[in-house]
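Below is one structure, written out as structure tokens, with a few remarks after it.
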Amino acid sequence: MRRLATPFFFFLIFILSLSACGSSGGGSTGNGGGGGAQQGLTSGNSYNSCPSSSSTSAASPASGNITLTVSGFSSSPAEDALVQQNLNKFSQAHPNIKINWSPIPGDYPTKMRANVASNTVPDVFYLTPDMSAQYISAGKVLDLTPYMQRDNVSVNNYYTSLVNPFTCTSGHVFGLPKDWNSLGVFYNKQMFQAAGLATPTANWTWNDMQTDAQKLTKNPGSPNSVYGISLSPDASRWAAFLLSNGGTVLNKNGTQATFNNNAGIDSLTYYDSFIKNNTGTLPTGVGSPWNGDAFGKQRVAMAIEGGWLIPYMTQTYPKVQYGIAPLPVAPNGKRANLIFTNAWAAYSGTKYPNEAWQLIQYMTGQDVQASQLHAGFALPTLKSLANDPYFTQNPGLKVMFDSASYGYADYYGPQDTAIHNALATALQSVMLNKQTPQAALNDAATKVNNQLGGV
Amino acid sequence: MATQPTSTSVASAPPITAEGRRRLRRGTDAPRGRRGETLAAYLFLTPYLIVLGVFIIFVSLYGIGLSFFKVDIGFTTPEFIGLRNYQFLFNQLSNIGLSDFWTSMINILKFTVFVVIGQTILALVLALILQSVILGKGVFRTIFYIPALTSSVATSLIFLWLYNPDGVFNYLLSLIHIQGKDWLNDTTFALPSIMALNIWTTAASFMIYFLAALQDLPKELLEAAEVDGANRLQVFWNITVPLLRPAIFFVVAIGTIGAFQMFDQAKFMTNGGPVNATLTPMLEIYNSAFGDNRFGLAAAMSVILFIVIFIVTLIQRRLIDPGTEQSSS
């Protein structure tokens with residue numbers, strides 16, 4: 001053995017010395033003057049730090065024929081077809097710009113990170129909120145503010161909570177919202193009728209939801225149980241109750257967790273009360289992977305989900321008659337909702353920043369936004385579409401659209417993923433009877449504060 | 001990680017190379033010819049050595065190097081931070097309940113102890129049954145081996161369905177009037193549920209090792225024991241088990257390494273939940289690297305996991321098979 005080992009190790013060292021030269025660091029952000037003390041374009045808190053430098057003037061149009069590579073995650077085939085159709089329309093209006101649309105299947109943020117590492121980022125792409133902090137502060141996405149100023153696109157055309165995740169602290173905008181969704185209470189009309197209950201009103205309260213859930217529950221704990229409501233242990237659902245109860249997830253600067261104060265503990269106690277009183281269940285408790293499945297199978301009478309449940313119900317459970325009510329009003333009289341959105345953004349290293357901007361402007365403009373609404377996929381990001389006739393035909397969508405004025409983006413800055421994970425663990429531990437709301441939220445706060453401190 | 005293939009070759013290679021060397025020496029006497037043959041041997045080995053060097057040795061050392069940096073791959077310039085990743089992790093030891101990494105370490109220790117004991121015993125029992133079955137041996141061998149052939153994602157999905165609160169297990173339990181649990185969403189039962197699945201899928205492949213070892217047992221010894229009046233149990237405990245020691249060590253060592261690296265079942269069935277009850281170090285490493293974009297921290301976790309596996313394997317070697325150390329050198 002030993003005799004063989006010596007040449008073997010020399011060989012290894014040889015290989016290692018060859019390959020060790022290969023490693024090098026990723027792109028540096030360069031240096032330069034600060035982003036400028038420009039007047040903030042948005043109100044509210046943005047937790048994203050600005051890049052150390054960004055171009056302050058808009059680029060001039062490129063000459064000749066050019067090709068823009070455009071990427072996003074693919075959703076349903078029908079939605080992909082609509083994106084393709086809208087991109088084609090843009091190409092027809094701009095004959096010199098060819099669009100190469102290549103959606104990324106699977107884990108989009110991970111795949112995009114690999115693209116950033118290898119410097120092969122598409123010219124225009126979807127920016128999700130959990131990507132935005134890193135992409136913005138590292139200067140990977142194009143600052144759209146100079147272009148918006150040049151072409152008179154005011155950020156006030158869009159709902160503030162939709163633009164917030166894609167701006168940095170100085171108010172510069174790096175992405176415009178492509179569409180959005182929020183939460184509503186989906187309720188089963190037949191079950192409400194059978195229980196002799198009136199359908200939820202627009203002003204129903206936390207208490208109303210509790211008493212309704214109680215009356216809708218049958219045979220809890222048995223194999224043929226039906227519960228009042230399905231609640232998932234997910235920060236992207238519970239945080240709506242936290243916010244309406246006057247709580248916040250982080251403090252104003254995004255440096256500290258604040259969800260473990262009284263507003264947080266009370267809202268979690270309320271959220272968990274459905275489980276403790278056996279008037280609600282986790283979706284897994286009735287064998288479903290998510291709320292929508294439990295609702296479609298009619299194992300629960302209510303579910304808190306977003307607009308994505310509408311096409312799912314039409315396709316999978318077309319016979320279920322349901323309505324959509326807004327989230328109930330908290331005891332303090334306040335309401336809140338969570339807003340889920342993604343943006344169109346451009347790569348800062350693109351050769352054609354002006355054309356990339358033109359595409360973003362088109363995709364977030366009136367025509368495309370209206371086409372998305374009329375196809376029923378998602379809500380439009382422009383305030384100007386608030387009175388579109390489509391809403392009168394679909395009052396459920398209108399309920400969710402109205403939350404734009406009182407909803408908050410479900411996004412908490414650079415540590416977004418860690419915060420969501422810590423809160424999910426806390427919610428699980430409370431809803432599975434392992435910890436009290438107070439103890440679980442304190443533990444989550446400690447974890448989040450450690451993360452915010454960082455390595 | 002890189003540990004599995006290397007230790008496989010350590011355990012199985014010595015007899016082959018010793019044999020090869022002997023044949024080499026017998027074949028040619030001239031030193032020049034021997035050097036030529038050695039060269040030829042390395043030439044034949046080159047493709048594998050390149051693969052080994054690039055994809056195992058280099059990558060492992062790169063990972064160790066990465067653990068001293070703050071790296072987010074592509075966004076900011078990597079920053080050398082010395083031992084701060086390790087410091088961050090070891091500081092969390094002061095409150096293990098709040099640390100995902102150390103929680104995952106405790107989970108995997110429990111998991112490994114139960115899975116390794118379970119799969120070794122089950123594999124041995126299956127092998128002994130097959131050894132004594134005469135009719136339909138091939139059929140049973142195939143049936144026992146099917147779980148090892150099925151992709152672990154597929155078995156995970158099947159068990160996901162079996163463990164469902166409305167699933168098959170709870171139906172069977174309801175027949176004997178026992179109210180089943182929501183197995184995978186119960187903090188007490190989630191990890192044992194995955195242990196059971198893991199034992200079931202891995203025992204089959206280890207059964208093959210035991211079968212091979214049982215086949216090699218010297219018949220004279222067993223017959224001699226029977227002639228001396230030992231009963232079957234005595235033969236098993238005093239002859240079979242001691243003779244199987246190298247095989248047992250191999251199975252336990254490989255089983256331990258595999259158990260420590262459990263990822264797919266935790267990822268697909270529970271994603272580490274509920275309340276981190278099934279979070280494993282590999283899943284936590286994956287989450288830190290690809291979820292939180294902290295590649296340096298994830299690399300530090302990998303190094304700690306490697307050291308733990310390494311120490312555990314060394315201890316096992318001393319405990320189970322003290323003989324191998326002398327025989328291999």
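Here is how names work: the chains are called A, B, and so on, in the same order as the sequence lines, proteins then strands, and each is numbered from 1.
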Original post:
Within the distance-only criterion (no hydrogens, no angle test), does the side chain of A:Lys140 pair as donor or acceptor with the backbone N or O of B:Gly74 below 3.5 angstrom?
Top reply: yes

Original post:
Counting a contact as any heavy-atom pair under 4.5 Å apart, which residues of residues 431-445 of chain A contact chain B?
Top reply: A:Leu432, A:Lys434, A:Asp443

Subject >> Heavy-atom proximity to chain B below 4.5 Å, by part of A:Asp107 >> reply: side chain

**OP:** Heavy-atom distances under 4.5 Å only: say whether B:Asn287 touches chain A with side chain, backbone, both or neither.
**Re:** neither

Subject >> Toward chain A: residues of residues 177-191 of chain B with heavy atoms under 4.5 Å >> reply: B:Gln179, B:Asp182, B:Asn185, B:Thr187

Subject >> Minimum heavy-atom distance B:Val275-A:Gln428, with the two atoms named >> reply: N-OE1, 2.6 Å

Original post:
Just how far is it from atom CG of B:Asn91 to atom CG of A:Asn450, taken to the nearest 0.5 Å?
Top reply: 9.5 Å

Subject >> Residue B:Phe80 excluded, over 12 heavy atoms near CZ under 6.0 Å >> reply: yes

**OP:** Please flag which part of B:Ala300 lies under 4.5 Å from any non-hydrogen atom of chain A: side chain, backbone, both or neither.
**Re:** neither

Original post:
Which of residues 109-116 of chain A have a heavy atom under 4.5 Å from any heavy atom of chain B?
Top reply: A:Thr110, A:Arg113, A:Val116

Original post:
Could you give all pairs that pass the salt bridge (Lys or Arg N to Asp or Glu O under 4.0 Å) test and reach residues 291-300 of chain A, with sequence neighbours left out?
Top reply: A:Asp293-A:Lys297, A:Arg299-B:Asp166

**OP:** Look up atom CD1 in B:Ile73 and atom OG in A:Ser118, then write down how far apart they are to the nearest 0.5 Å.
**Re:** 11.0 Å

Subject >> Other residues, nucleotides, ligands: >12 heavy atoms within 6.0 Å of B:Phe90 CZ >> reply: yes

